[in-house]
Amino acid sequence: MAIAMRIRAGNGDIRVLMTHPSENGLRKDAKSGQLIPAHFVRNMSVSVNGKTVLDGQLGGGMSKDPYHAFKVKGMKTGDKVVVTAEDNTGDSGSIETRAS
Amino acid sequence: MMNTTRRLLLRSAASAGLIATAIAAGMLKPGRVLADWDSVAFSATKAADALAAIGASSAASSRDIVVKAPDIAENGAVVPVEVVTTLPDVESIAILGEKNPFPLVALYTLSDFDGFLSTRIKMGQTANVRAVVKAGGKLYTATKEVKVSVGGCG
């Protein structure tokens, strides 16, 4: 399954919302009492015009549907912003936009 | 004997074809695109061990970093955390929930960073959220205590 993402970029600001269960492997299923296997985003990378501005390693302590917002120096209108992400099961996703 | 070899050849040819198709369809990517994941640091169960694993044991407290998080988090499953810093030349930021089962939540390598990063983390219980910022080759740190009413780590 591809990791779904939404992105907004502009005014020196990049915001990324991923849709992901972010299970840390410690939670038990309420019905079965079995541990829910770990399933979380481990890597994310954000580039502006091909230059990596954020290279993140993430743990299961990220909230469900991981959200990131951060400021980047020198980003201009029309700059190409690309986000890629990969979880611990090998699922990945990518999204791109132009800075407004 | 002949027959077995032929079967094997057929099978491997078929699977090689499948793999090629999968690569073409973008389902499999040759080689890794993203960075490695520090399993030692992320599997550490104590904040001090996690800090040691990322080489940040010696980080000095700094007033140039502000960790913004709610004083009281009703729901530990979603705790908004902001790291705001005036330090120049930021190279990386780590975020830890110090009493989480696995304290290290995130480790970011940054370029052209403009002093603001915001995310949302889980917290199991009342504890400090710690940010460690590497800037200009030096390590700085700051914390913010968050009281958690309902834990979010299972």
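By convention in this document, chain letters (A, B, ...) are assigned in the order of the sequence lines, proteins followed by strands, and residues within each chain are numbered from 1.
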Between E98(B) and the options K46(B), K144(B), R130(B), the salt bridge (Lys or Arg N to Asp or Glu O under 4.0 Å) test singles out R130(B)
For H39(A) and D87(A), run side chain to side chain contact (heavy atoms under 4.5 Å, CB included): C-alpha distance rounded to whole Å, both residues' side-chain angles, the deciding distance at 0.1 Å, then the answer. CA-CA 7 Å; H39(A) 187 201; D87(A) 73 13; 2.8 Å; yes
Name the member of V78(B), V79(B), I95(B) that forms the most heavy-atom pairs with chain A at distances under 4.5 Å. V78(B)
Chain A contacts, top residue of T119(B), I121(B), D114(B), L104(B) (heavy-atom pairs, under 4.5 Å): D114(B)
Parallel under 30°, tilted from 30 to 60°, perpendicular over 60°: which one fits the rings of F40(A) and W37(B)? tilted
Using heavy-atom distances under 4.5 Å, tell me whether [X] contacts chain A through its side chain, its backbone, both, or neither.
X	value
V81(B)	neither
F113(B)	both
F116(B)	both

Considering only heavy atoms, which portion of N88(A) lies under 4.5 Å from any heavy atom of chain B: side chain, backbone, both, or neither? neither
By a 4.5 Å heavy-atom criterion (distance strictly below it), what part of T52(A) contacts chain B: side chain, backbone, both, or neither? backbone
Evaluate side chain to side chain contact (heavy atoms under 4.5 Å, CB included) for Y67(A) paired with V16(A), printing each intermediate quantity in order. CA-CA 6 Å; Y67(A) 171 78; V16(A) 187; over 6 Å; no
Do K122(B) and M62(A) have side chains that get closer than 4.5 Å, going by heavy atoms? no
K138(B) side, atom NZ; E91(B) side, atom CD - distance, nearest 0.5 Å: 12.0 Å
For the candidates S63(A), G74(A), G59(A), which exhibits the highest count of non-hydrogen atom pairs separated by less than 4.5 Å from chain B? S63(A)
